[in-house]
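Worksheet for the structure shown next.
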Amino acid sequence: PSDTGRVLSIQSHTVQGYVGNKSAVFPLQLLGYDVDPINSVQFSNHTGYPTFKGQVLNGQQLCDLIEGLEANDLLFYTHVLTGYIGSVSFLDTILEVINKLRSVNPNLTYVCDPVMGDEGKLYVPEELVHVYREKVVPLASMLTPNQFEAEKLTGLRINSEEDGREACAILHAAGPSKVVITSITIGGILLLIGSHQKEKGLKPEQFKILIHKIPAYFTGTGDLMTALLLGWSNKYPDNLDKAAELAVSTLQALLRRTLDDYKRAGYDPTSSSLEIRLIQSQEDIRNPKVELKAERY
Ligand code: ADP
Ligand code: PLP
Ligand code: ZN
């Protein structure tokens with residue numbers, strides 16, 4: 001595989017640590033992509049710390065950046081990647097950006113991580129759920145919700161693999177041909193469920209990957225996962241299962257390393273959220289060793 005592309009990545013920036021663009025740009029570059037980051041916020045550190053400070057980009061400021069690119073004929077992108085978005089007005093502007101980029105490149109792939117919350121808790125304003133459901137999901141080519149987000153977007157409660165597969169089918173009907181629910185917790189086990197509807201109306205090809213849950217809480221993993229899924233699924237467009245195996249393999253090697261490093265330094269890894277060892281894992285990003293295999297349904 002060799003196909004790469006030019007990615008516009010609209011996500012958070014943190015000065016210290018790895019979430020948002022800080023966890024997506026470097027791996028995509030390592031996989032050979034040109035990445036143009038727009039920082040939707042610039043914070044000192046991620047919001048899991050006791051405090052943070054910084055700036056938030058508004059919809060008009062995003063428009064300005066796009067207008068600048070447009071004025072120089074620089075709007076050709078193969079992919080757009082979006083993650084955490086904090087307001088309806090910013091999300092509405094992103095929709096305009098997608099439409100504009102699709103008028104320049106009708107084949108533009110939009111990879112959307114519909115970041116809304118985790119473990120039963122919403123961390124964006126409630127109005128965003130409706131906008132994601134009604135306006136964003138229909139434009140997405142690939143969607144990468146976690147369990148909670150898949151529930152919010154479909155109205156389904158996901159308590160089993162079957163529920164996860166059904167949620168994917170509902171999401172396909174709304175727009176995206178590729179859906180990856182990045183983790184479902186069932187009985188202490190993590191399960192990734194992937195689904196590729198190769199043509200509208202066809203039954204989607206679905207698979208699962210069983211992941212051993214590491215007893216620690218990491219931030220930035222969802223953002224990294226979505227970036228890797230973009231990177232690999234573009235190289236293997238007809239093998240979402242292979243792309244997911246590669247992405248999961250990188251994640252597992254990186255999380256192991258992160259845990260080991262913290263333990264070696266004498267930290268209790270269950271006590272607070274850990275910063276991922278992204279730069280130290282570059283070999284695992286370039287050449288992941290696939291240990292966890294996808295099982296087709
Ligand atoms: P988000 O951060 O968006 O909620 P997930 O929790 O689904 O996303 O994490 C994305 C990926 O990161 C998962 O598919 C899994 O591979 C990996 N991951 C995250 N947390 C853990 C963990 N505690 N143990 C093992 N893998 C994890
Ligand atoms: N963006 C910011 C600013 C954050 O603070 C966080 C988490 O704290 C994230 C994004 C998302 O992290 P994750 O990939 O773990 O969902
Ligand atoms: Zn997430």
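The figures here come from the full heavy-atom set of this structure, side chains too, leaving out hydrogens, waters and symmetry mates. Whatever order the structure lists them in is the order used to number ligands and atoms, beginning at 1.
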Could you give the N/O to N/O pairs under 3.5 Å linking ligand 2 and the protein, each with its distance?
unit_1: ligand 2; atom_1: 1 (N); unit_2: Ser12; atom_2: OG; d: 3.0
unit_1: ligand 2; atom_1: 5 (O); unit_2: Thr47; atom_2: N; d: 2.8
unit_1: ligand 2; atom_1: 5 (O); unit_2: Thr47; atom_2: OG1; d: 2.8
unit_1: ligand 2; atom_1: 8 (O); unit_2: Thr47; atom_2: OG1; d: 3.4
unit_1: ligand 2; atom_1: 14 (O); unit_2: Gly220; atom_2: N; d: 3.4
unit_1: ligand 2; atom_1: 14 (O); unit_2: Gly222; atom_2: N; d: 3.2
unit_1: ligand 2; atom_1: 14 (O); unit_2: Asp223; atom_2: N; d: 3.1
unit_1: ligand 2; atom_1: 14 (O); unit_2: Asp223; atom_2: OD1; d: 3.4
unit_1: ligand 2; atom_1: 14 (O); unit_2: Asp223; atom_2: OD2; d: 3.1
unit_1: ligand 2; atom_1: 15 (O); unit_2: Gly220; atom_2: N; d: 2.8

Original post:
Can you tell me which residue and heavy atom of the protein come closest to atom 6 (O) of ligand 1, and the distance to 0.1 Å?
Top reply: Ser183 OG, 3.5 Å
**OP:** Could you find the nearest protein heavy atom to atom 23 (N) of ligand 1 and give me its residue, atom name and distance?
**Re:** Ile214 O, 3.0 Å
Original post:
Would you say the side chain of Leu108 lies within less than 4.5 Å of the side chain of Tyr77, judging by non-hydrogen atoms?
Top reply: yes
**OP:** Identify, with sequence neighbours excluded, every residue that meets side-chain hydrogen bond (donor to acceptor under 3.5 Å, both in side chains) alongside Thr185.
**Re:** none
**OP:** Count the heavy atoms of every other residue, nucleotide or ligand shown that sit under 6.0 Å from CD of Glu134, and state whether that count exceeds 12.
**Re:** yes
Subject >> Under-4.0 Å heavy-atom contact with ligand 1, by part of Ile211 that carries it >> reply: side chain
**OP:** Among all protein heavy atoms, pick out the one at the shortest distance from atom 14 (O) of ligand 1; state its residue, atom name and that distance to 0.1 Å.
**Re:** Thr182 O, 2.7 Å
Original post:
Quick one: nearest non-hydrogen protein atom to atom 2 (O) of ligand 1, plus distance?
Top reply: Gly222 N, 3.3 Å
**OP:** Just need the protein heavy atom nearest to atom 4 (O) of ligand 1, so name the residue and atom and give the distance.
**Re:** Asn146 ND2, 2.9 Å
Original post:
Between Asp92 and Lys135, is there a salt bridge with N-O shorter than 4.0 Å?
Top reply: yes
Original post:
Taking the non-hydrogen atoms of Gln147, is any one of them nearer than 4.0 angstrom to ligand 1?
Top reply: no
Can I get a per-line list of side-chain donor-acceptor pairs under 3.5 Å for residues 67-75, giving both atom names and the distance, sequence neighbours left out?
unit_1: Glu70; atom_1: OE1; unit_2: Lys100; atom_2: NZ; d: 2.8
unit_1: Glu70; atom_1: OE2; unit_2: Lys100; atom_2: NZ; d: 3.4
unit_1: Asn72; atom_1: ND2; unit_2: Gly68; atom_2: O; d: 3.1

Subject >> ligand 1 versus Leu190: contacting region, heavy-atom distance under 4.0 Å >> reply: side chain
Original post:
Between Lys178 (side chain) and Pro237 (backbone), is there a donor-acceptor pair under 3.5 Å?
Top reply: yes
Original post:
Under a 4.0 Å N-O cut-off, is there an ion pair linking Arg157 with Asp163?
Top reply: no
Subject >> Protein heavy-atom partner closest to atom 27 (C) of ligand 1 - residue, atom, separation in Å >> reply: Leu255 CD1, 3.3 Å
Original post:
Which ligand 1 atoms are under 4.0 Å away from a heavy-atom of Ala216?
Top reply: 23 (N)
Original post:
Going by side-chain heavy atoms closer than 4.5 Å, which hydrophobic residues are tied to Phe52, directly or by a chain of links?
Top reply: Val41, Phe43, Val56
**OP:** Within a distance under 4.0 Å of any heavy atom of Lys213, pick out the atoms of ligand 1 and give their elements.
**Re:** 24 (N)
Subject >> Tyr84 (side chain) donor-acceptor with Gly20 (main chain) under 3.5 angstrom >> reply: no
Original post:
Is there any N or O on Leu192 that sits under 3.5 Å from an N or O of ligand 1?
Top reply: no
Original post:
Going by the atom numbers of ligand 1, which of them fall below 4.0 Å from some non-hydrogen atom of His212?
Top reply: 24 (N), 25 (C)
Original post:
Is Asp260 salt-bridged to Arg257, going by a charged N under 4.0 Å from an acidic O?
Top reply: no
Original post:
So which heavy atom in the protein is nearest atom 16 (O) of ligand 1, and how far is it from that ligand atom?
Top reply: Gln252 NE2, 3.1 Å
Subject >> Protein heavy atom at shortest distance from atom 19 (C) of ligand 1 >> reply: Thr221 OG1, 3.8 Å
Subject >> Between CD1 on residue Ile10 and CD1 on residue Ile38, distance to nearest 0.5 Å >> reply: 4.5 Å
**OP:** Give the ring-plane orientation class for Tyr49 versus His46, where under 30° counts as parallel, over 60° as perpendicular and anything between as tilted.
**Re:** tilted
Subject >> Expected output: side-chain Thr14 to main-chain Gly17 donor-acceptor under 3.5 Å >> reply: yes
